[in-house]
Q: 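Could you have a look at this structure, given as structure tokens, before my questions?
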Amino acid sequence: MILSLSKTYDPKPVESKWSRMWQDKKVFASKIDKNKKSFVIVIPPPNITGALHMGHALNNTLQDVLIRYNRMLGFEAYWVPGTDHGGIATQNVLEKMLKSRGKRKEDIGREKFLELMWNWHKECGDTILNQLQKLGCALNFSPENVRFTMDDKRAKAVFASFKNLWDKGLIYRGERMINWCPRCGTALSDIEVEYEEEKSKLWHIHYPLENGERGITIATTRPETMLGDTAVAVNPEDERYANLTGKKVRLPLVDRIIPVIADEKVEKSFGTGALKITPGHDLLDFEIGQRHNLLIETVISFEGKMTNCPPKYAGKSIQTARKEVVEDLNAGGFLEKEEHYKHSVGKCYRCMTHIEPLLSEQWFVKMKTMAEPAIQAAQKEEVKFYPETWKKPFIEWLKNIQDWCVSRQIWWGHRIPAWYCAKCSKNGLIFSENGILNRITFKHGAKPIISDNKPDKCSDCGSDELVQDPDVLDTWFSSALWPFSVFGWPEKTAELAYYYPTSVLVTGYEILYLWVARMVMSGMEYMGRIPFDYVYIHGTVRDKHGKRMSKSLGNGIDPLVMMEKYGTDAMRFSLISQAIGGKDMPFAEESIIGGRNFVNKLYNVSRFISMNLNENPKTNVQAKPELSDRWISDRFHEVMQSARKYMLEYDLPNALLTIYHFTWDEFCDWYLELAKPRLQTEEKDHVMCLILHIFSRIIKALHPFMPYVTEEIYDSLKHSIGGKEFLINETYPASDAAASDSEALRTMSSIMDIIVEIRTIRAQFEIHPSKEIDVILASKDAKALDNVKENSSYINRLAKVSNLKFTADNAKPKRAVSAISGPFNIYALTDGIIDFEKEKDRTLKTMEKLSKELAFCEEKLKNPDFINHAPEIELKRVSERKKETSGKIERLRKILEELD
RNA sequence: GGGCGGUUAGCUCAGCGGAAGAGCAUUCGCCUUACACGCGAAGGGUCAUAGGUUCAAAUCCUAUACCGCCCACCA
């Protein structure tokens, strides 16, 4: 039936058929099986912000390979699916959608907005799961199996974690200088700020003395913040300013009198050596301000607008204010210099808006004590990194960890489970209207009630006027619990006991700190052990020029379009084969073509097999395996051995490429070609048996990498070879215990070499491929000659030789073109007239090469240092090569003589 | 300012101590009934530079140059 099928593989119907089938039959479901060891991966849950991109495709393909492979090794392999609510990022998506309809979230209110968010979660979550399914992921997508970072069970985990940290005093509320994104309207943690070089200016501004005399000149990149300056600082060692320290200067435009102070943190060499101090809007300034008891003036609001400043600037944007302040300073004669200056500017990792350091009351988690066990685990390699290079930065980051700001002033997320009493002072709160923010502040000394449900009444005064903290938790707070929350923690479930710790976490390095480090810390904190044995870190998929793919650059490649165009297996092949050493990969669409061609090759092998398969093959054919049979079996054995070794080292690309090259370059190009004539003889069933045997194992070996085409082929072969319903339930091919048949390998390779030599002659002398020629094979090595003679049909077939003669006489016949291969002289006899010049050229060229080789060997063997220091095996190798080469040279010389 | 990676064939990258490899591209010849998404053959590299270690270095070490990432409160 396959006979009638197209010569090229059509992935679409195959993929939709199997992906549906796999789900319907629950092939990827996992059950607790105490007799088996588990192999577990929890998916890095994709944010429900839209469609999956190339990075997701790579990340999930790699996981899928590991899951399928380990399932085939006999482990109870379980890949846990889920999605992440994605906090700010997801809220931004919806806000944008609202905006396109001319609305803001405040117009519809928190409750309605959250309703929309949940609808979006359903819609987008389904899209993502569909895409993962298309990618072929061995995930069980039954609704009850799919986790979400904000579903009820995960909410319980989040509360349990929060409560635990609170009870231990590791979570606290405090007023700090935090990173504020004015566009998202929320605080961010330190690692959520991305720094980017920007061209700017360094403005030199003169602050005159109180009495109007020459004062001090500061340098700044943020002139607009001078409106909030409450001091000027210089280094205590700086002699230039020694006489000014302690004096007062007049702040231009504002007319505030501020002191000149001395602080060690000021760099003498930077700018003018004098630093304007704005404690309300800069972290360093804030610290210096604390040390010197300076006033804090807030001149930038949470909306990113000027406030509490001369009316002229009030309400204006930072950019506008900057421009006007500079103009006004210039007009007033205060601006002394404007230099071009490049510096790095902090931006929001979600919207790339400039970050404002602002003073704000937020929730923080103390990290130092939690980091310690994680550092230990990494150092003792309880958790291992692939590639290892990440171990050091991982540990260093943990060592320098700062407290984590976990509260976010957005609506989408886990609401902070803290309740305040509107009445009493002990648990009380103060509401403060602050622009768009409806901030809550503790009353002095008050403590909130930590509860996941609204408490009936205040534990202190009995009032029922309890208000929940309006903030939500950082999305990474729930992600940090993922490896055990997915199994029902804090409940002590059977799943948790069986599946935790998981086997490997597959992720990109960009979320190593944001996510991986926090999982390790919380794994240690709550489970008492690491959440995964290995962290397998891959690179970033970039565009073909190495640039980051992004919507704004328009250089993104959509994996769905690629799957549609070339097939999923082809895209997976391309991604896997480039995922080398955790390095970034420039990805070009053309690179998928190679994968598509390979998929097509496999498909055509299966067609070839189907075309040659007898309805009722005689199964008990007892035929002696011939050379090519022994050779291919042996090669398969070697290939599987090395593929398994690569898999053990998480070197997926090399595992795949090893099988790929074997399949294409050896099985197809040599073995099948040699098998073809045998299919016309009574040997046929026997040969088909072997072909099926090898090919079905190739298909199994490739299945983790290319699940669809292999499943399809396997299915089409099932009536001949039997086997399980689905490939994933088969056993991964082992390297056969059979002893390596090195003689078969050697003989085969010398025959292959002879064939290549004859083919080269044919190509060079333009002998038409269909024209058969006569060849004489001469050698003094009788044994070698015999070995080849036994399998001379291989040469007949693959080099198109009609008449092959063997002789011990090395003499070159007239009208022959010659070549040398191993111990053989090859003489190709052609009817036509031979271009003797060409032949001579060719021979001389070979001679030159051989002479060089001989010289090289001789030189080495003459070198006493080499003889004394090189290992035995190397010595042997070189002297053997010398012997072989000089033999060849001698034979070639005779041939040359006869040419003249 | 610290740390990490890269520099190998026209392009994208493997190799990481014993005489340079793959895919794509190029050239030549083939529709050889599994596959032109194919088959056969060929051309193409003083492995960034300079030193060093070694009998032997693309491979190890040290500098230099350029490129790229990550981390860091230099205004």
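Chain A is the first sequence line, chain B the second, and so forth, proteins listed ahead of strands; every chain is numbered from 1.
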Q: Output the rounded distance in Å from CD (Glu267(A)) to P (rG1(B)).
A: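 My rounded result for the distance is 12 Å.
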Q: Only stems of 3 or more consecutive Watson-Crick or G-U pairs count here, both distances under 3.5 Å; name the ones for RNA chain B, or none.
A: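 Listed by first number, the stems are B:1-7 with B:65-71, B:10-13 with B:21-24, B:26-30 with B:38-42, B:48-52 with B:60-64.
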Q: For Glu264(A), enumerate each residue passing the salt bridge (Lys or Arg N to Asp or Glu O under 4.0 Å) test, keeping only those at least two apart in sequence or located in another chain.
A: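 Salt bridge (Lys or Arg N to Asp or Glu O under 4.0 Å) check on Glu264(A) returns nothing, list empty.
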Q: What's the spacing between Asn604(A) CG and Cys668(A) SG if we round to 0.5 Å?
A: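 The CG atom of Asn604(A) sits 9.5 Å away from the SG atom of Cys668(A).
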Q: Roughly how many Å is it from CG in Leu679(A) to P in rA34(B), rounded to a whole number?
A: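 Rounding to the nearest Å, CG of Leu679(A) and P of rA34(B) are 9 Å apart.
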Q: Would you say Asp865(A) and His869(A) are linked by a side-chain donor-acceptor pair, where the criterion is simply a distance under 3.5 Å?
A: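 No, because no side-chain N or O of His869(A) sits under 3.5 Å from a partner of the opposite role on Asp865(A).
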Q: Is there a donor and acceptor pair closer than 3.5 Å between the side chain of Glu757(A) and the base of rA41(B)?
A: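 In this structure, the two groups form no donor-acceptor pair.
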Q: Run the salt bridge (Lys or Arg N to Asp or Glu O under 4.0 Å) test against Asp543(A) and tell me which residues pass, sequence neighbours left out.
A: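 If we apply the salt bridge (Lys or Arg N to Asp or Glu O under 4.0 Å) test to Asp543(A), skipping adjacent residues, there are no hits.
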Q: Report the residues that fulfil salt bridge (Lys or Arg N to Asp or Glu O under 4.0 Å) with Lys12(A), sequence neighbours left out, ordered by chain and then residue number.
A: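 Lys12(A): salt bridge (Lys or Arg N to Asp or Glu O under 4.0 Å) contacts with Glu564(A).
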Q: State whether Arg596(A) places a side-chain N or O below 4.0 Å from either non-bridging phosphate oxygen (OP1 or OP2) of rC37(B).
A: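 For Arg596(A), the contact criterion (side-chain N or O under 4.0 Å from OP1 or OP2 of rC37(B)) is not met.
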Q: Could you tell me the separation between the NZ atom of Lys544(A) and the P atom of rC11(B), rounded to a whole number of Å?
A: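 Rounded to whole Å, this separation is 14 Å.
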Q: For Thr710(A), check side chain to side chain contact (heavy atoms under 4.5 Å, CB included) against everything at least two apart and list the hits.
A: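 Result, side chain to side chain contact (heavy atoms under 4.5 Å, CB included) vs Thr710(A): Ile699(A), Leu702(A), His703(A), Leu727(A).
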Q: Polar atoms only, N or O, under 3.5 Å: list the protein pairs with nucleotides 30-33 of chain B and their distances.
A:
none

Q: When the distance from CZ of Phe695(A) to P of rA34(B) is rounded to whole Å, what number comes out?
A: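 It is 15 Å, rounded to the nearest whole Å.
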Q: For Ile355(A) and Lys347(A), which heavy atoms make the closest approach, and how far apart are they?
A: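 Smallest interatomic distance, heavy atoms only, reads CG1-C, 3.5 Å.
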Q: Counting the atoms with a prime plus P, OP1 and OP2 as sugar-phosphate, which does Arg881(A) contact under 4.0 Å by heavy atoms, base, sugar-phosphate, or nothing?
A: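 If one applies the 4.0 Å heavy-atom cut-off, Arg881(A) turns out to touch a base.
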Q: How close or far is atom P of rC69(B) from atom NE2 of His538(A), stated in whole angstroms?
A: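 Interatomic distance, NE2 of His538(A) to P of rC69(B): 17 Å.
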Q: Between the side chains of Thr278(A) and Lys276(A), does any donor sit under 3.5 Å from an acceptor?
A: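 Yes, because at least one side-chain N or O of Thr278(A) sits under 3.5 Å from a partner of the opposite role on Lys276(A).
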Q: Excluding sequence neighbours, so at least two apart, what forms side chain to side chain contact (heavy atoms under 4.5 Å, CB included) with Met752(A)?
A: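 Here the qualifying residues are Trp631(A), Trp670(A), Met748(A).
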Q: For Glu859(A), enumerate each residue passing the side chain to side chain contact (heavy atoms under 4.5 Å, CB included) test, keeping only those at least two apart in sequence or located in another chain.
A: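 In terms of side chain to side chain contact (heavy atoms under 4.5 Å, CB included), with neighbours along the sequence ignored, Glu859(A) is linked to no residue.
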Q: Output the rounded distance in Å from CG (Leu602(A)) to P (rA34(B)).
A: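 Nearest whole value for this atom pair: 17 Å.
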Q: rG3(B), OP1 or OP2 - any side-chain N/O from Lys392(A) closer than 4.0 Å?
A: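 False: Lys392(A) side-chain N/O out of range (4.0 Å or more) of rG3(B) OP1/OP2.
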Q: Whole Å only: how far is the CH2 atom of Trp203(A) from the P atom of rA75(B)?
A: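 One finds 13 Å between P of rA75(B) and CH2 of Trp203(A), rounded.
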Q: Rounded off to whole Å, could you give me the CD1-to-C1' distance for the Ile580(A) and rA22(B) pair?
A: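 Those two atoms, CD1 and C1', are 10 Å apart.
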Q: Nearest nucleotide by nearest heavy atom, which residue falls closer to the 5' end of RNA chain B, Asn612(A) or Ala219(A)?
A: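 Mapping each residue to its closest nucleotide by heavy atoms, the 5'-most match is Asn612(A).
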Q: Categorize Phe573(A) for me: base, sugar-phosphate, or nothing, with a 4.0 angstrom heavy-atom threshold over every strand shown.
A: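 Nothing, no heavy atom under 4.0 Å.
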Q: Can you list the residues that meet the side chain to side chain contact (heavy atoms under 4.5 Å, CB included) rule with Arg222(A), with sequence neighbours excluded?
A: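 Partners of Arg222(A) by the side chain to side chain contact (heavy atoms under 4.5 Å, CB included) criterion, ordered by chain and then number, come out as Thr220(A), Glu224(A), Thr225(A), Ile300(A), Ile318(A), Arg322(A), Glu356(A), Pro357(A).
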Q: Can you sort out the partners of His206(A) under side-chain hydrogen bond (donor to acceptor under 3.5 Å, both in side chains), two or more places apart, ordered by chain and number?
A: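 Scan of His206(A) (side-chain hydrogen bond (donor to acceptor under 3.5 Å, both in side chains), adjacent residues dropped) gives none.
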Q: Give a yes/no on whether any side-chain N or O of Lys601(A) is located under 4.0 angstrom from OP1 or OP2 of rC39(B).
A: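 Lys601(A) to rC39(B) OP1/OP2: side-chain N or O found under 4.0 Å.
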Q: Please determine if a side-chain N or O atom of Asn597(A) lies less than 4.0 Å away from the OP1 or OP2 oxygen of rG38(B).
A: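 For rG38(B), OP1 or OP2 has a side-chain N or O of Asn597(A) closer than 4.0 Å.
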Q: Lys276(A) near the nucleic acid: base, sugar-phosphate alone, or nothing, with a heavy-atom cut-off under 4.0 Å?
A: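 It contacts nothing in the nucleic acid.
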Q: Side-chain donor-acceptor contacts of residues 266-273 of chain A below 3.5 Å, not counting sequence neighbours, with atom names and distances?
A:
{"residue": "Thr272(A)", "atom": "OG1", "partner": "Thr217(A)", "partner atom": "O", "Å": "2.5"}
{"residue": "Thr272(A)", "atom": "OG1", "partner": "Ala274(A)", "partner atom": "N", "Å": "3.2"}

Q: Is the shortest side-chain N/O distance from Lys7(A) to OP1 or OP2 of rC35(B) below 4.0 Å?
A: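 Checking Lys7(A) against rC35(B): at least one side-chain N or O falls below 4.0 Å of OP1 or OP2.
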Q: With a 4.0 Å heavy-atom cut-off, tell me which residues in residues 651-670 of chain A come close to RNA chain B, sorted by residue number.
A: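 Residues of residues 651-670 of chain A under 4.0 Å from RNA chain B: His661(A), Trp664(A), Cys668(A), Asp669(A).
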